[in-house]
Structures are given as structure tokens and as C-alpha cells.
Amino acid sequence: MPDPAPTPTPPPWAAGGVGRTPETAGRGPDGVVGQSPIRPEAEAKVNGAFDYASDLAFPGMLWGHTVRSPHPKALIRSVDTAAALALPGVAAVLTAADVPGKLHYGLIEADQPVLARDRVNYQGEAVAIVAAETLDLARRAAELVAVDYEALEPRCDAGDAVAAGGWFRYQPVRVGDPDTARAAVVVAREYEVGMQDQAPLGPESGVAVPDGDGLVLHVATQWLHSDLEQIAPCLGLEPERIHLSMAGIGGAFGAREDLSVQVHMAMLAIRTGRPVKMMYDRAESFLGHVHRHPARLRYEHGADAEGRLVYVKAHIVLDGGAYASTTEAVVGNAASLAVGPYKVEHVSVDAWGARTNNPPCGAMRGFGGVQTCFAYESQMDALADALGLDPLEIRRRNALAQGDQLITGQVVDAHDPAQDRDGAPFSPLRDLLGRFDDLPVPAVPADRGIVELPGGTGNTTHGEGVRRGVGYGVGLKNICYSEGFDDYSTARVRLELGGPEHGGEPVAYLHTAAAEVGQGHWNLQQQIVRTELGVQRVVLLPNDTKAGSAGSSSASRQSYMTGGAVKAACEAVRELWEDRDLADGPIEATRVFRHRATKPMDPVTGQGESHVQLALCVHRATVDVDVELGLVKVVDLTCVQDVGRILNPVALEGQIHGGTAQGLGLAVMEEIVTDDGRVKNASFTDYLIPTILDMPPMRLRIVENADPDAPYGLRGAGEPPTLSSTPAIVAAIRDATGLPLTRVPVRPEHLTVGRPS
């Protein structure tokens, strides 16, 4: 076979394929940035061949299981493992005394015990771990571990915890003097947000495999290198002796940022010398990962007679539960975004993350912005109602514009200045609000079938008692990590001539540690390589800790950060390729990408340029409410979102749909219910999430106001819809019922209690 033709320089379309139309697809590779190629893992996921973490199996593998506390607060008098160890087929039973290294781990603060030693602080806290020949046997052995507890009275009220000085972080924001500001209209209300669960369909799972004097951990996680930093000290091993490889992930949404099975299965593998798999059942998953922080919020808005904000006061208490997780960062987000995308001269915000004996709370899509968004958007509607203004108009009058400042003093600057009009500063929010002018509210059908009415096939109504309502919600979300965090990502690209199986064409090999959690990032990485190098064949190497850190797949940051790193590595390879012939050998480059610097919030005033990028999303919800039975049908959700630049249209739409669905869940159905710290509904029978019958048709208007500081001008898009969809739906229910509705999720009894029969 003749040698492949040499490729001495990049093809002419390299770095020129962004957004090519199908008509021009022949000029260079398909599947570049701006298109929607099929995901590389799509076929395997559809036909069942994709290996999720729970599918993994290794020769000689043991199964691990966890002994968990039934009490939210208790002293541990003793732990007796004798009966469990005596069970045939049990290979190991370990307690806190067996932890080989440091006893605690944590994402920000190392305060969570690997295994509880002398006390437990929440229901479900791990006390012991078991390894056995089968999963059923491991579970039976776990039941035989005798733990003598002295139950104590738990502290479960977050407000009481704050009053007693129990908090992870307190963050004030102070601007002007709200106490002396005069307003024509004042609206003051208290709000409550329930505890939402990320509810990933794939349970926590992984396998630890002994490897010489080290370990290989196959884990479903959002951040491989953060896991490694926490795991190694607890195992008493040098990080170089532990290799983490990304296992298939069945959803994340923040639930996989904290450790779950990692240290436990590693300890069992070290003790037994055999591979150990751990896989939570559904109830254990609800207890074994963090949740969205429930919140109580007290807001007071003052406005002048024209509806322009004069001052805002906010008192925000987030329940962080028993351990720190990411509560400190969530409090920072809640405080800095507490007023939303609105201009106001006088501000007083106080935000706490309380320490209680409730389940630990941490990262979930929206990360502190969801709770405050529900409150400040409800306040804007209340002001509009008090002033007789249209809900869109009051938002237009208060919208931040280019050059204005957030309540932290950060200047709004992430847009294309070419869009300034008539000499007036460009307002991204007014721009988005104006897009609804040609998106009319759906009309009420003359003849609706039962499925289209509240209650659906339950045949609860034929239209009597059903009222329609329309509401709006605006969400402002920070993108990437904030407050001075050294947020970076690493990518390595190797370009070489392919063998006969590749037709002798150039092949690019791409290595990152970025977690693919279902958002389509593997696809986007390939799109960027095709765009920058002009090659069709791109091979993704396994995501693992042999690559440099890519940071977490959270904070809507991977397209920005790892996308930026892949782009930079490709640019370096392309530059080398200009002067080299691939026939002489591969070309390789590794690049680390960082965004612009941020600063911590001042601990007294809250001032500081704490965020990298800001994103806006606006929802309009149309609902039908059966006011006699308290049933809600979301009829339509129309969304207008600024994404900076569309990189993959189909994936983008999926992110907006998915974020909206989770916002709908929080609005009308999703809540972890606790009673004195005990979870009452740890199952998908009792914890309800939206199904295809609950999600309405969605209309999207995607806006591209490019961010000049971001790769390709993109703006993180996965989280903002989760913020704005919840208040929009609740506003629509208020419009239909006339009720104030200050708590989410809205339950049937909130709509019917007190109504005349």
C-alpha cells in the first residue's frame, strides 16, 4: 500500500469552519462549531451498550455496602462488627478506626468524616462499610453491624441555628443607606424554598481496583482531580499511586461534586486486595448525596411612584445541613445575586448558610441563584401589582444596562458594544424582554380534551373551575467559579497521520479530564478540534487523572473553560503544523486555559468583582389551574435566553429544556420532606419529578450577544433556565388564582385551603 500523501500544512479551512451551513459543508470537515453532529456516545446509549458506572464488573470483584445512621443526631457508644464478620462470604467490615489516613474530607472545608467515629450529625451518615461476595450478602452483613447510639435532640431549624451562631458563612452586601431612603411604595414579604434533589437517574456507583502498590478508581464524578485531592489524604497514599478514570455518568446536576463511594470502596479494596464495587440503591442515593439548600427569605422592596427601585432589603437563610460541602460558595452567590438584574441605589443584604442536623446541602443547578430569584422576581410582581404596572414594564424600567453596577459594584460589561443604539447604553435585559412582543400567549382552545386539562387522565374536570394565568420570570446567573478561585482547565491535543483504517488522513487525539455528564461536552470538544484544525477524524481519549485538571462539570463552565483549553491547544498545534510535515511525526501541544481574574466579596460590604461572566434568561409561563382541586397544568413555557454564541444548536436547546424542567419541578412538585431531620420520601414513588406529561411544549428565542472575553463569544447556558422558570410558573399560578403563593413547591392545599366550598 502506498504511503499516505503528506500533509505539510493545515488545510485552508482550518479555523474557518465556525457556523458553516450545510451548503458549504464540503469545504472542510462536518460537525464543526455551530452545527449539531450526532454525539459520539449516542448510539451506545440508545442501544444499551454504554457502560454506566453501575454496569461495571471486574474478575474477583467484591460488593461493598454502607452502614448508615438512622438518627439525625446521636452519640456513638460502640460499634460491634463481630456478627457481620462471622457471616460466610464477608471479606471485611471497617469502621472509623480503620481509616488509614486523615479522618475528614470536603470540597471547601474538610469537615465530613470518612466514617463517623464518636457521633453522627445527620440521618444517613456513614458509620461502617462492608465488603462481601454479593451485594445481597453485603447488605445482610451491614444489618448485623450493631451500633449503640445515644440519640440526641437534633437542631433542624435553620433560623434557630443562625441565632445560636451556627453557620458556615455569613455574607452581607451594603450599598447606600436603605434605612434613610424614601419610597412611594413598599412591598415586604417572606418566602420559602423547599429542599430539592438533583434526582439523577443513575445511582452513585464505582469500582476500586488494586493495582500494584496503588489503586485505579472507576468513578462517576463531576471533578476527577478534586476527588483525588480529597481521597489521597484519607487513604494515606501519595496521589501518584491513585489513578481515577471517569465511569459513565447517569446524570449529575451537582449531586456528584461531593464524594460518595470513592473513599469507602478504596478502603475496602486496600483491605481485601480485590476489586470492590459500591452501588447505592435509590433510598440510599437520596441519603448519600447533597441536595439544594432550602431557604427562608425576607425581602423588602421600596420603589418610587414610577416603579423604579429605591432600595432593597433582604434577609436570606440557607440551610446547609450537617456539613459544609459548597455552602460557603452558595451563600456568596445568593448574596451577590440577591437583587437580580435590576438597578438599585440602596441595598442591605444579609445571607447565612446555617449548620443544622438536616441532610447536607451543596451544589445543584443554579447554585444559590435559584432561591433568591424566586424571591426577587416575586417581589417585582408584587411591586407591579401595587403600582398597576405590567410585569414586563416594571422590569424594563429597572433593568441594568451596560456600564451599570451590580449590588457588589461589579460593572455590567459582557456584551458586544456594537449593539449600543442611539447613544443609550445597551441593556441585555430590555433586549430580551422585547423579544416577547412577537411571541403571543397561547389561546385557550375552544374544545380541550381531558389530557390537556389539570388532572389529565384522572378525569377530574371537564373545564369547570379551571382558570388560566400568565407569568414572567427573569434569572441572572454567574458563570464559572467566582470570588478569586483559580479556575482553569487543561487540554492536550496530538495530531498525526492515521493508518490505513483512517485512510491515511490526519487524526487528532484529544485528552482532557472533563466530565461528560450528559450535557454533550464530548461532542463539543470534537467540534472545536474540527473547527480549529480542519480535520474530520477526532479521537477522544478516556477522561482520567493522567490529563491535567479540567475542573468541575458545573457552574455552566465546561464549554467556556475546557472549550477554551481545547481551542488553545489546537491553535498551538496548528501553528506548529504550519512549518512541519505530519509524515515526519506527530505534533502535540498541551495548554491550560484561565478566565479573567475575579475577587472575593468584601466580608463587610460584599463589594468586589466576584464573577467572570453573567447570563440572563427570561421565561413566560402559561398555566391552567383547577382552583377547586388545586391542580396545575403548565400549558406553555416560552423562553428567551442570551447564550452569547450558539456552539451546538441541538445540545443548547436540550440544556434549556432540561434546566426549565428542573425549575418546573421545584415550582409545583419536587421537595425532599424532612421531619426532625429525617427524610420522609426517599424514593421516586414519593419524590416526584416532571415527566413528559408534565412538561409543556416550549418555544425558544435564542439570542446571541457575544461575550468578547469568552471562547467563540459563548455564554454559559445550562443553569439560567432553572432560575427563571420557577418564578414564572408561580407568577402564572398567582395570576390564575389571585393568591400570594410565597412558597415553592406550590402544593394543592396552597391553592384550596381557606376557599369557600
Give a yes-or-no answer on whether the side chains of [X] and [Y] include a donor-acceptor pair shorter than 3.5 Å.
{"X": "W63", "Y": "D136", "result": "no"}
{"X": "S285", "Y": "E204", "result": "yes"}
{"X": "R678", "Y": "Q123", "result": "no"}
{"X": "S554", "Y": "Y481", "result": "yes"}
{"X": "N121", "Y": "Y323", "result": "yes"}
{"X": "E516", "Y": "N543", "result": "no"}
{"X": "H511", "Y": "D544", "result": "yes"}
{"X": "T327", "Y": "H293", "result": "yes"}
{"X": "Q525", "Y": "T562", "result": "no"}

How close do [X] and [Y] get, counting heavy atoms only, and between which atoms?
{"X": "L137", "Y": "V90", "result": "CD2-N, 4.2 Å"}
{"X": "P294", "Y": "C361", "result": "CD-SG, 3.7 Å"}
{"X": "R594", "Y": "M561", "result": "CA-CE, 4.1 Å"}
{"X": "S482", "Y": "N333", "result": "OG-OD1, 4.5 Å"}
{"X": "R256", "Y": "G251", "result": "NE-O, 2.6 Å"}
{"X": "P359", "Y": "H291", "result": "CB-CD2, 3.7 Å"}

Relative to the ring of [Y], is the ring of [X] parallel (under 30°), tilted (30 to 60°) or perpendicular (over 60°)?
{"X": "F684", "Y": "Y687", "value": "tilted"}
{"X": "Y52", "Y": "F50", "value": "perpendicular"}
{"X": "H71", "Y": "Y149", "value": "perpendicular"}

Is there a side-chain contact (heavy atoms from CB on, under 4.5 Å) between E588 and V493 once you walk through the steps?
CA-CA 6 Å; E588 183 174 301; V493 175; over 6 Å; no
Any sub-3.5 Å donor-acceptor pair from [X]'s side-chain atoms to [Y]'s backbone N or O?
{"X": "N357", "Y": "K73", "value": "no"}
{"X": "S54", "Y": "S205", "value": "no"}
{"X": "D211", "Y": "G214", "value": "no"}
{"X": "R169", "Y": "E328", "value": "yes"}
{"X": "Q112", "Y": "A322", "value": "no"}
{"X": "R39", "Y": "G518", "value": "yes"}
{"X": "T598", "Y": "G484", "value": "yes"}
{"X": "T722", "Y": "G659", "value": "yes"}
{"X": "D118", "Y": "I76", "value": "no"}
{"X": "R282", "Y": "L201", "value": "yes"}

Residue R139 excluded, over 12 heavy atoms near CZ under 6.0 Å:
yes
Crowding at NZ, K45 (>12 non-hydrogen neighbours, <6.0 Å)
yes
Is the centre of the F367 ring less than 6.0 Å from the centre of the F253 ring?
no
What about H218 and F58, are their ring centers closer than 6.0 Å?
yes
Heavy-atom side-chain proximity of [X] to [Y] below 4.5 angstrom:
{"X": "V331", "Y": "F168", "result": "no"}
{"X": "H65", "Y": "I129", "result": "no"}
{"X": "L647", "Y": "Q527", "result": "no"}
{"X": "S226", "Y": "L107", "result": "yes"}
{"X": "T66", "Y": "V127", "result": "no"}
{"X": "L244", "Y": "I231", "result": "yes"}
{"X": "N358", "Y": "R155", "result": "no"}
{"X": "R271", "Y": "L94", "result": "yes"}

Distance check, rounded to the nearest 0.5 Å: [X] atom [atom1] versus [Y] atom [atom2]?
{"X": "Y509", "Y": "L495", "atom1": "OH", "atom2": "CG", "value": "10.0 Å"}
{"X": "Q662", "Y": "H657", "atom1": "CD", "atom2": "NE2", "value": "14.0 Å"}
{"X": "S559", "Y": "L524", "atom1": "OG", "atom2": "CG", "value": "5.0 Å"}
{"X": "Y122", "Y": "S69", "atom1": "OH", "atom2": "OG", "value": "9.0 Å"}
{"X": "R241", "Y": "L215", "atom1": "CZ", "atom2": "CG", "value": "8.5 Å"}
{"X": "T545", "Y": "E240", "atom1": "OG1", "atom2": "CD", "value": "10.0 Å"}

[X] bridged to [Y] by N-O distance under 4.0 Å:
{"X": "E133", "Y": "R274", "answer": "yes"}
{"X": "R68", "Y": "E284", "answer": "yes"}
{"X": "D686", "Y": "K680", "answer": "no"}

Audit row: R292, D197, side-chain contact (heavy atoms from CB on, under 4.5 Å) steps and yes/no
CA-CA 6 Å; R292 187 188 300 287; D197 192 77; over 6 Å; no
Set out, in order, the CA-CA distance, both residues' side-chain angles and the distance that settles side-chain contact (heavy atoms from CB on, under 4.5 Å) for F593 and Y560, then state yes or no.
CA-CA 9 Å; F593 180 83; Y560 194 123; 3.9 Å; yes
Among K477, R557, R365, which residue satisfies the salt bridge (Lys or Arg N to Asp or Glu O under 4.0 Å) criterion with E719?
K477
State which residue, out of E257, H521, Q558, fulfils the side-chain hydrogen bond (donor to acceptor under 3.5 Å, both in side chains) condition with S553.
Q558
Could you walk me through whether Q262 and T221 pass side-chain contact (heavy atoms from CB on, under 4.5 Å), step by step?
CA-CA 9 Å; Q262 288 91 323; T221 178; 4.2 Å; yes
